[in-house]
S.K.: 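Got a structure here, written out as structure tokens. Questions coming.
Letters go in sequence order (proteins before strands), and every chain restarts at 1.
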Number of protein chains: 2
Amino acid sequence: MAEPKRRPGGRSERVRVAVYDATLHGLHEDGYAGLTIESIAARASVHKTTIYRRWQSKDAVVAAAVADLVSQQFPVQASGSLVNDLRYFARTLVRLLNSRSPRVRGVLHAFFSEASTLPEIATLKRDFFAGRYAQAEAIVSAAGERHDIAIDIDAGELIGLVVAPIYYRLLVSGEPITNAVADRAVDNALAALRGGGCQSNTPNSGAAQRN
Amino acid sequence: MAEPKRRPGGRSERVRVAVYDATLHGLHEDGYAGLTIESIAARASVHKTTIYRRWQSKDAVVAAAVADLVSQQFPVQASGSLVNDLRYFARTLVRLLNSRSPRVRGVLHAFFSEASTLPEIATLKRDFFAGRYAQAEAIVSAAGERHDIAIDIDAGELIGLVVAPIYYRLLVSGEPITNAVADRAVDNALAALRGGGCQSNTPNSGAAQRN
DNA sequence: AGCTAATACAACTTCTTGTTGCGTTAGATA
DNA sequence: TATCTAACGCAACAAGAAGTTGTATTAGCT
């Protein structure tokens, strides 16, 4: 029952990279519905049996390809004023959503299309945004410690005000996503702060709820 | 070259309704990728040749089914205070996004998945949101005329602040969408107004932009 | 009651999907 | 350099879905 000797270097690795690349590229160009194992194989210059034997199903390939790219984390700069940090954060998101890299666009497609219903993709998506959220929360709490803002500010609510309008353009209105959009989102979020919004001591707002 | 006499009443109509219903239902349960003409036919208790002859392609059926439901407009109540109108508006959106009706969920799936890349669906989506936007803008401009708020308020920006967090939960974070979320979104949007946000005379915000 | 548009049914072709056996290539080890 | 064998390429195939066509049947209309 000895384990067969694996060969991680060389061809296997090249095939893996080529397949992941072809998968994300295809996800971007043809969408999840139009993506097939044979199209991936053709684009990766690899035979379809190779994919069938190594990954079994289309969903498994997609999940693996997305996981591979997402594992490369994006660092967040957190030093200086709250405005600058938030602005940098928002602009980083804008740059990401505007990326012309087929691999990044493939992941975005996976996250914001039908593929997001796959359990593996859903988990990756949740983990990715949880990570981003934690980084953003650090920005806000740091500002709280510097006494730039009140301590009872709901960090999640504030970050939501910053990023929600950006995602809104990507997913709903389809309007272009410029740096000006990012800056305006930050300005409005901070304006809400000044106007008394994002208080964490009013968890359910003042209104009664029916649902 | 006489036009053949059509028969809009009776069976044709029943088939049409059954097919649209089955399409939206299938879109909800199986997704766009999993949807096939044969599955629609089976669910509608109709033979597949009927669908092939009347609608030609899967995309055409989906577009027609979505268009049929979307054509039923949702009225917006606009009387009273800005807070109440916005809250009603936001809560209506929440109720829509939480709808358990398979037909509504099917349309939502069409709008926020791969099907939204189809030209017909994209047009329907754009028109639908343009209509909603116009209604919302009326709320804000009415408040401006009542002098509840300043005249130089960017209505679109304000509405964006209200609805963006709601869509953000649906499409990005996946958190539950309650009435409390709607109310909080309105509160924060109005707080932003008080804090000096949503001014229409600062179209590109103060910051320089690189993109 | 008769006409015929619209649908159902069956049989068929074509294309896609996924599998299997076997020969070939190229890392790894000595 | 020679050898071993994991990983891949290739061809052939089976299974099934997608889409088409001819004909019979149903049911709306006059």
Side-chain angles (χ1 to χ4, degrees), chain A residues 1-23 25-27 29-65 68 114-115 117-118 120, chain B residues 1-27 29-65 68 110 114-115 117-118 120:
Chain A
M1 280 295 177
E3 276 285 311
K5 292 164 190 169
R6 297 289 134 188
R7 296 177 176 179
R11 187 165 59 165
S12 295
E13 181 65 12
R14 284 199 303 276
V15 167
R16 195 184 63 84
V17 171
V19 167
Y20 288 173
D21 211 81
T23 301
H25 205 107
L27 212 48
E29 293 216 329
D30 310 325
Y32 177 72
L35 191 71
T36 66
I37 288 197
E38 311 216 16
S39 71
I40 298 173
R43 203 189 291 267
S45 298
V46 154
H47 203 266
K48 64 171 180 172
T49 45
T50 300
I51 299 182
Y52 276 117
R53 281 200 257 253
R54 274 184 70 171
W55 288 277
Q56 281 75 38
S57 72
K58 162 181 159 181
D59 290 356
V61 185
V62 171
D68 182 63
E114 211 134 284
T117 59
L118 300 177
E120 300 94 336
Chain B
M1 276 296 178
E3 275 285 310
K5 293 163 190 169
R6 298 288 136 187
R7 297 175 177 180
R11 187 163 62 162
S12 295
E13 181 66 10
R14 285 200 302 276
V15 166
R16 196 184 63 83
V17 170
V19 167
Y20 288 172
D21 211 82
T23 301
L24 296 179
H25 205 106
L27 212 48
E29 293 216 328
D30 309 327
Y32 178 72
L35 192 71
T36 67
I37 288 197
E38 311 215 16
S39 71
I40 297 173
R43 206 190 290 266
S45 299
V46 155
H47 203 265
K48 64 172 180 173
T49 46
T50 300
I51 300 183
Y52 276 116
R53 282 200 252 252
R54 273 185 70 169
W55 289 277
Q56 281 75 38
S57 71
K58 162 180 158 181
D59 290 356
V61 185
V62 171
D68 182 63
E114 211 132 284
T117 60
L118 300 176
E120 301 94 336

S.K.: Could you tell me whether the phosphate oxygens of D:dG9, OP1 or OP2, come under 4.0 Å of any side-chain nitrogen or oxygen in A:Thr50?
M.R.: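 Yes, A:Thr50 has a side-chain N/O under 4.0 Å of OP1/OP2 on D:dG9.
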S.K.: To the nearest 0.5 Å, what is the distance between CG on A:Asp30 and NE2 on A:His25?
M.R.: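 Here the rounded value is 9.0 Å.
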S.K.: Ignoring backbone atoms, test whether A:Arg14 places a side-chain nitrogen or oxygen under 4.0 Å from the OP1 or OP2 oxygen of C:dG27.
M.R.: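 Yes, such a contact exists.
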S.K.: Measure the spacing between CD1 of A:Ile37 and OG1 of A:Thr50 and express it to the nearest 0.5 Å.
M.R.: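 It comes to 11.5 Å.
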S.K.: Can you name the atoms? Protein N/O to nucleotides 15-22 of chain C N/O, anything below 3.5 Å, with the distance.
M.R.:
from, atom 1, to, atom 2, distance (Å)
C:dG18, OP2, A:Tyr52, OH, 3.1
C:dG18, N7, A:Lys48, NZ, 2.9
C:dG18, O6, A:Lys48, NZ, 2.8
C:dG21, O6, A:Arg53, NH2, 3.2

S.K.: Does a nitrogen or oxygen in the side chain of B:Arg11 sit under 4.0 Å from OP1 or OP2 of C:dA8?
M.R.: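 No, no such contact exists.
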S.K.: Provide, to the nearest angstrom, the distance between the CG atom belonging to B:Asp59 and the C1' atom belonging to D:dG19.
M.R.: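 My rounded result for the distance is 15 Å.
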S.K.: For B:Tyr32, does its backbone N or O pair with a side-chain atom of A:Glu114 as donor and acceptor, under 3.5 Å?
M.R.: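 Yes, the answer is positive, given that a donor and an acceptor are paired below the 3.5 Å cut-off.
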S.K.: Could you please spell out the steps behind the side-chain contact (heavy atoms from CB on, under 4.5 Å) verdict for B:Val15 and B:Arg54?
M.R.: CA-CA 10 Å; B:Val15 166; B:Arg54 273 185 70 169; 3.9 Å; yes
S.K.: Can a donor-acceptor pair be found, under 3.5 Å and without considering hydrogens, that links the side chain of B:Glu120 to the backbone of B:Ala63?
M.R.: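 Absent.
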S.K.: Between side-chain atoms of residues 40-47 of chain A and protein atoms elsewhere (two or more places apart, or another chain), which donor-acceptor pairs fall under 3.5 Å?
M.R.:
from, atom 1, to, atom 2, distance (Å)
A:His47, ND1, A:Thr49, N, 3.4
A:His47, ND1, A:Thr49, OG1, 2.9

S.K.: When we call it a touch if two heavy atoms are under 4.0 Å apart, what does B:Arg16 touch: a base, just sugar-phosphate, or nothing?
M.R.: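 Here B:Arg16 touches no strand at all.
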